[in-house]
Asker: 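My questions will all concern the structure given below.
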Amino acid sequence: MRVLSGIQPSGKLHIGNYFGMMKPALALQQKHQVYLFIANYHALTTVHDANIMRQGTLDVALDFLACGLDPHKTVFYRQSDVPEITELTWLLSVTTPMGLLERCHSYKDKLAKGIAASHALFSYPVLMTADILAVQSAIVPVGMDQKQHLEVARDVALKFNNQYKKVFKIPEPMIQEEVAVVPGIDGQKMSKSYDNTIEIFGSKKQTRKAIMRIVTDSKTLEEPKDPDNCNIFALYKLFANSEECKKLESHYRTGGMGYGDAKKELVTKFEEHFAPMRTRREELANNINHVESILQDGAARAKKVIIPTLTAARSAVGLE
Ligand code: ADP
Ligand code: TRP
């Protein structure tokens with residue numbers, strides 16, 4: 001089965017990205033044909049500095065490879081190395097109703113955050129539709145916030161197939177229910193734009209500092225605590241096995257353990273999990289030419305499926 005997902009190089013990746021999208025997508029590499037790409041055309045909607053864009057793109061490449069992306073199995077590419085995607089975007093925008101885009105929460109949320117309204121920001125879901133349909137992906141692993149964009153992709157594909165001829169496979173989202181939304185250190189959804197993240201590859205000091213800032217209620221050390229309503233526990237659960245979770249849960253319920261100690265447990269778990277990946281990332285960062293060749297090879301492999309799709313779509317609308 002073909003699986004595709006992408007991530008924007010619009011800031012340092014955090015554990016919301018990791019548990020919501022990267023880990024589930026990477027887990028599929030062994031059994032499926034996985035396509036993962038760096039959505040730099042998308043990031044242009046919010047990143048307006050060329051150097052930041054270049055650095056962010058490289059960082060995402062290093063992050064994915066360090067977190068276990070196997071370039072022999074997975075097709076890993078930069079979106080802009082496959083400009084055919086933008087042509088497909090135009091063909092698809094013909095069958096995209098305005099109303100569908102006007103209803104998108106993500107666009108409205110971005111305006112509410114003060115991002116200037118642009119045509120690219122508004123038509124972002126059409127580009128995302130093209131990413132998905134271009135590779136004829138069956139499954140798209142994403143976090144909950146992308147669910148509506150997947151509905152747009154499905155609607156547009158159905159409409160195109162009905163209006164012209166059946167060119168596109170209809171994709172299904174894959175959302176990890178148990179980690180649908182990873183909370184940030186302030187308890188809201190963890191997001192680059194809320195300044196509430198724990199970066200995957202921040203320094204040890206930064207990680208510790210972020211974890212120590214996690215917001216809790218003001219219960220004293222002695223008081224029993226509710227693990228189901230605690231941001232520290234919600235994050236701990238992502239790293240720990242069920243035995244470890246039960247142990248911490250019982251400490252919470254009995255009382256006698258402060259939030260500071262729970263935070264220390266989380267720091268330890270975090271380090272255990274990401275330390276080997278951090279080492280790998282450092283090695284890769286010292287061999288940028290190798291990373292570049294992985295991306296070039298990925299683009300060439302992606303084009304092998306994307307060009308035939310584009311050709312079929314061009315023919316369906318009467319361009320060839
Ligand atoms: P951000 O909100 O930090 O800008 P993106 O929108 O770039 O993150 O998301 C990239 C991917 O990571 C998407 O698939 C998204 O659903 C997932 N993701 C982002 N934040 C979270 C979160 N807090 N919990 C779960 N998944 C998330
Ligand atoms: N919109 C996604 C995000 O912000 C990134 C993305 C772009 C994507 N194209 C995609 C995700 C195609 C999955 C499939 O997270």
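In this chain, residues are counted from 1 in sequence order. Read the numbers this way: they start at 1 and go in the same order the structure lists the ligands and their atoms.
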Asker: Give yes or no for whether the N/O distance cutoff of 3.5 Å, strictly under, is met between Q146 and ligand 1.
Answerer: no
Asker: Numbering the atoms of ligand 1 from 1, which are under 4.0 Å from a heavy atom of V181?
Answerer: 24 (N)
Asker: I'd like the contact residues of ligand 2, where contact means a heavy atom below 4.0 Å.
Answerer: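 Within 4.0 Å of ligand 2, the protein residues are L4, S5, G6, Q8, F37, A39, H42, Y124, M128, D131, I132, V140, V142, Q146.
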Asker: Compute the centroid of each ring, for F76 and then for F37, and state whether the two points are separated by less than 6.0 Å.
Answerer: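 Between F76 and F37, the centre distance exceeds or equals 6.0 Å.
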Asker: Using a 4.0 Å cutoff against the non-hydrogen atoms of G20, which atoms of ligand 1 qualify?
Answerer: 25 (C), 26 (N)
Asker: What distance separates I306 CD1 from I85 CD1, expressed to the nearest 0.5 Å?
Answerer: 4.5 Å
Asker: Could D59 and R281 be called an ion pair, given the rule that one side-chain N must be under 4.0 Å from one carboxylate O?
Answerer: yes
Asker: Short N/O distance, under 3.5 Å, between V182 and ligand 1?
Answerer: yes
Asker: Would you mind checking which non-hydrogen protein atom is closest to atom 12 (O) of ligand 1, with the distance to 0.1 Å?
Answerer: N17 ND2, 3.1 Å
Asker: If you measure from the Lys or Arg side-chain nitrogens to the Asp or Glu carboxylate oxygens, is any gap between R278 and E271 under 4.0 Å?
Answerer: yes
Asker: Under 4.0 Å from any heavy atom of I7, which atoms of ligand 1 are there?
Answerer: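 Once the distances to I7 are compared, the set is 10 (C).
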Asker: What protein heavy atom is closest to atom 26 (N) of ligand 1, reported as residue, atom name and distance in Å?
Answerer: G16 O, 3.3 Å
Asker: Pairs of nitrogen or oxygen atoms closer than 3.5 Å, one from H14 and one from ligand 1: do any exist?
Answerer: yes
Asker: Can you name the atoms of ligand 1, numbered from 1 with element, that are less than 4.0 Å from a heavy atom of M190?
Answerer: 20 (N), 21 (C), 22 (C), 23 (N)
Asker: Using a strict 4.0 Å threshold on nitrogen-to-oxygen distance, state whether E249 and K225 make a salt bridge.
Answerer: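 No salt bridge links E249 with K225.
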Asker: Any carboxylate oxygen within less than 4.0 angstrom of a Lys/Arg side-chain nitrogen, looking at K12 and E199?
Answerer: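 Answer for the salt bridge query: no.
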Asker: Would you check if there is a donor-acceptor pair between the side chains of E223 and T220 at a distance under 3.5 Å?
Answerer: yes
Asker: Got Q146 and M21 here, is their nearest side-chain heavy-atom distance under 4.5 Å?
Answerer: no
Asker: Checking side-chain polar atoms at under 3.5 Å, does Y124 have a donor or acceptor matched by the opposite partner on Q8?
Answerer: yes
